[in-house]
Protein chains: 2
Amino acid sequence: MFVRITNDLAYRAISFGELGIAGDSNQKVSLNEFTYKKGSEIYGEKEPADYVYQVKAGSVRSYKLLPDGRRQIGAFHLVGDIFGLENGSEHRFTAEAIVNTTVRLIKRRSLEMMAESDAMVSRNLLGMTTENLEHAENHMLLLGRKTSLERVAAFLVEMDRRLAAAGVMPLPMSRRDIADYLGLTLETVSRALSRLHELGIIGFIGTNRRQITLLNRRQLATLDLQN
Amino acid sequence: MFVRITNDLAYRAISFGELGIAGDSNQKVSLNEFTYKKGSEIYGEKEPADYVYQVKAGSVRSYKLLPDGRRQIGAFHLVGDIFGLENGSEHRFTAEAIVNTTVRLIKRRSLEMMAESDAMVSRNLLGMTTENLEHAENHMLLLGRKTSLERVAAFLVEMDRRLAAAGVMPLPMSRRDIADYLGLTLETVSRALSRLHELGIIGFIGTNRRQITLLNRRQLATLDLQN
DNA sequence: CGTATAGTTGACTCATATCAATCTACGTGG
DNA sequence: CCACGTAGATTGATATGAGTCAACTATACG
């Protein structure tokens, strides 16, 4: 429901005009789209936020780093998601392509100008920010108070909602990414997944441990003590 | 800076008109202000969000609960803070008075109507939501990746910024509240504070362990690995 | 194919939680 | 104003869930 609204927003903004952006080594310019190679940075924390992005293909992780390298991923951005929308002048996260990823670009100024004159756009901006806030609020509960098994269960429920096609979840992110999203280590994530597998709650497609099926959503929902 | 803006917003909204609200046992009606006794609930999660609040005196905690009682406090609201502002129809947290607290009430509809016609109000709403989002994002990093000592140091730095008067921090909240804010237990918080005291980084005023002075902000900032 | 990267699993450690015993401050009623 | 009771805070002893270190396996990629 919100997805449709935010998509409208993106498309409307994009129709505003072309964005003249100098390409760099990791990007291929194709009108108002960019492609980022797996692992490359889309923007860095503290960098000026001149563009808003929408994932056309691929996946993106947004994270903060502590000086010693500890990483907290705040969100994964999947196909259709808009990210990089800031109110202040700088990005508050670093965004990286998890796999080869194509994004649509929207000039931020044009969005702001539209919001100025169009109350609908303005309301959509607030709605998107609220969505992000809501996600962060739920994630605080997860990070502050849930066990490792509950966290992994919650992650699977979230991903199921967002990217399950015909019962199969093709996770684009590594165990380390999942761990940094859930405030755990990759070993703990791996053990939790193995445990859920033993318990018959999830299955792996073939031998690929990133292709997951949910065999028992009810049990998973029970573990995902959704507030 | 933002505080001033959001205050303006509140005052403007309040001038809109009186709010006829039936009092309950824990409230005293005084024009558009309410007083809540220590520990009483201001609103509950999932309740309709018809009002926005501003703390006139006292302190408030906003939290989510898991079914088994585990609690995550998302934010403390101190004098001047606005809280309970929702975009959807329901509150996403439960809000409780930490001590006897007086709040100003603003009818949400009136805010929305103002936003409709006044782009400035609309921008302020977005700005406040973004502030909340930023806080939540930083808190995710804390909850996901910081040690107990770092968390407590970060908490003290935050409170120092928000309520230190003449070098003394009179904390309104209990050790349990702090623990639920930081994703720790009250014992761990207590030990961390004792440790910071031993290290000469903080001091206690008199025998009251809730009156804290920061003796060495530099060391505290070092522990507060601020991203 | 073979090399590099990602994932799993096991053994052990450690930070924080849990359980428990004081200790202290504060509000209440005599 | 003082004694008492209660809630909050500290501190100690112990338990435990998740982290660390390490070996091994599997998968993807050139």
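Treat the numbers as computed from the prediction; the structure is a model and nothing was measured. What you see below is based on every heavy atom in this structure, not just the backbone, and it leaves out hydrogens, waters and symmetry mates. Naming: A, B, ... by sequence-line order, numbering from 1 per chain.
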Between Tyr181(B) and Leu143(B), which heavy-atom pair has the shortest distance, and what is it? O-CD2, 3.8 Å
Any side-chain donor-acceptor pair under 3.5 Å between His77(A) and Ser62(A)? yes
Take Glu41(B) and Tyr36(B) through the side chain to side chain donor-acceptor pair (under 3.5 Å) test and state the conclusion after the steps. CA-CA 8 Å; Glu41(B) 183 175 307; Tyr36(B) 294 89; over 6 Å; no
Ion pair check, Arg71(A) and Asp177(A), cut-off under 4.0 Å: yes
Quick tally for nucleotides 23-30 of chain D: nucleotides whose base has a protein heavy atom under 4.0 Å get B, sugar-phosphate-only ones S, the rest -, giving ----SS--
Base-paired stretches in DNA chain C with three or more consecutive Watson-Crick or G-U pairs, both distances under 3.5 Å, amount to C:1-30 with D:1-30
Closest heavy-atom pair, Leu186(B) versus Ala179(B), reported as atoms and distance to 0.1 Å, is N-CB, 3.4 Å
Please check if any side-chain donor atom of Glu158(B) sits under 3.5 Å from a side-chain acceptor atom of His135(B), or the reverse. yes
Closest heavy-atom pair and its distance - Ser148(B), Thr188(B): CB-CG2, 3.5 Å
Can you run down the side chain to side chain donor-acceptor pair (under 3.5 Å) pairs that involve residues 190-211 of chain A, sequence neighbours left out, and say none if there aren't any? none
Protein-nucleotide distance (Arg176(B), atom CZ; dT10(D), atom P), rounded to Å: 14 Å
Earliest and latest nucleotide of DNA chain C, 5' to 3', sitting under 4.0 Å from a non-hydrogen atom of chain A? dA6(C) to dA11(C)
Take atom CD of Gln211(B) and atom P of dG8(D), then tell me their distance rounded to the nearest Å. 17 Å
So which heavy atom on Leu193(A) is nearest to which on Ile202(A), and how close? O-CD1, 3.6 Å
Does a donor on one side chain sit under 3.5 Å from an acceptor on the other, for Thr35(A) and Thr102(A)? yes
Are any of the side-chain nitrogens in Asp180(B) or Arg145(A) under 4.0 Å away from the carboxylate oxygens of its partner? yes
Under a 4.0 Å heavy-atom cut-off, which of residues 183-192 of chain B touch DNA chain D? Leu186(B), Glu187(B), Ser190(B), Arg191(B)
Of Ser174(B) and Lys146(A), the one whose nearest nucleotide on DNA chain D sits closer to the 5' end is Ser174(B)
In plain terms, say whether Lys46(B) and Glu90(B) are close enough for a salt bridge, that is, a side-chain N and a carboxylate O under 4.0 Å apart. no
Test Phe83(A) against Tyr53(A) for ring pair (Phe, Tyr, Trp, His ring centres under 6.0 Å), laying out the working first. CA-CA 5 Å; Phe83(A) 66 98; Tyr53(A) 304 78; 5.3 Å; yes
Using a heavy-atom distance cut-off of less than 4.0 Å, which residues of residues 56-78 of chain A contact DNA chain C? none
Checking Leu156(B) against Asp224(B) for the side chain to side chain contact (heavy atoms under 4.5 Å, CB included) test, could you report, in this order, the C-alpha distance in whole Å, the side-chain angles of both residues, the deciding distance, and whether it holds? CA-CA 9 Å; Leu156(B) 292 173; Asp224(B) 176 18; over 6 Å; no
What I want to find out is whether Arg217(B) reaches Asp160(B) closely enough, with some N-O distance under 4.0 Å, to be called a salt bridge. yes
